[in-house]
Amino acid sequence: ALFRGDIALMDESGYTYYAAYPVPTAATGASQEVAYEIPSVQDGAFHGEWDVMVAEAVTDAPGLVAGDNSDAVTLHFHHQVHLLRIRIPENLLGEAITKLTLTFPTQVTGTLTVDIADPQAQPQISGSQSVTLEFAEPKNAGDVVFATIAPVTLTEDDQIGIVATGSIYE
């Protein structure tokens with residue numbers, strides 16, 4: 001991706017540049033941590049605005065000057081969330097699915113905190129162990145939906161609960 005912005009004139013000494021996308025909901029300059037909200041209720045569509053990314057720090061880079069569109073600062077971003085692509089293989093509910101709830105053994109939605117100085121650091125999440133997908137258009141076998149969650153590591157013994165809900169049955 002190409003990012004552009006207006007930056008005031010800077011002297012020519014070296015700088016360290018940090019970048020995160022999208023604009024965080026909160027930031028603390030002293031610790032270089034930024035926060036994002038990953039909603040616990042989603043609509044099952046892909047949302048690029050929840051695809052949190054942090055760039056590797058660029059050190060000893062020159063100050064940016066007006067009109068400089070060179071490659072003086074090149075940013076390499078790392079994704080900080082997981083995007084689940086869920087295909088509904090079959091529907092034994094007897095009606096279209098209006099809601100899908102996934103429950104994890106650990107927190108996956110809420111406030112995601114990442115360190116912009118270290119894109120390899122594990123993001124921290126504080127919130128809920130579930131994500132609920134509420135569909136505007138009911139879903140059926142063969143449909144594909146998406147859920148954005150915090151990155152988690154699960155073992156083979158961990159289980160994810162999945163509950164499909166229709167207008168009558170669950």
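Please read all numbers here as calculations on a predicted model, not as lab measurements.
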Stepwise side chain to side chain contact (heavy atoms under 4.5 Å, CB included) test for D158 and V152: CA-CA 11 Å; D158 289 331; V152 295; over 6 Å; no
Nearest heavy-atom neighbours spanning [X] and [Y]:
X    : Y    : value
Q80  : P151 : O-CD, 3.1 Å
V108 : I38  : O-CG2, 4.3 Å
I160 : F104 : CD1-CE2, 3.5 Å
R87  : P89  : O-CD, 3.0 Å
S128 : S130 : OG-N, 3.0 Å
V58  : A61  : CG1-CB, 3.8 Å

[X] side-chain N/O to [Y] backbone N/O, donor-acceptor pair under 3.5 Å:
X    : Y    : answer
Q32  : I116 : no
Q124 : Q122 : yes
Y36  : P22  : yes

Can you check whether [X] reaches [Y] side chain to side chain, under 4.5 Å on heavy atoms?
X    : Y    : result
P105 : L154 : yes
T106 : Q129 : no
I86  : L102 : yes

Applying the 4.5 Å side-chain criterion to the ILVMFWY set and letting contacts propagate, would [X] and [Y] be lumped into a single cluster?
X    : Y    : result
V144 : I88  : no
I162 : V131 : yes
M53  : V34  : no
V54  : Y18  : yes
V52  : L75  : no

What verdict does the side chain to side chain contact (heavy atoms under 4.5 Å, CB included) test give for L100 and F135, after you've listed the backbone C-alpha separation in whole Å, the side-chain angles of each residue and the deciding distance to 0.1 Å? CA-CA 8 Å; L100 195 63; F135 311 122; 4.0 Å; yes
Tell me which pairs pass side-chain hydrogen bond (donor to acceptor under 3.5 Å, both in side chains) where either residue lies in residues 91-100, with sequence neighbours left out.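 Listed by first then second residue: N91-N140, E95-S167.
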Keeping to residues at least two apart or across chains, list the side-chain hydrogen bond (donor to acceptor under 3.5 Å, both in side chains) pairs with something in residues 46-58.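 side-chain hydrogen bond (donor to acceptor under 3.5 Å, both in side chains) check on residues 46-58 returns D43-H47, H47-E49, D51-H79, E56-H78.
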Run the numbers on T148 and F146 for side chain to side chain contact (heavy atoms under 4.5 Å, CB included), then give the verdict. CA-CA 7 Å; T148 302; F146 297 92; over 6 Å; no
Drop me the distance from D60's CG to T16's OG1, to the nearest 0.5 angstrom.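 Reported to 0.5 Å precision, the distance equals 6.5 Å.
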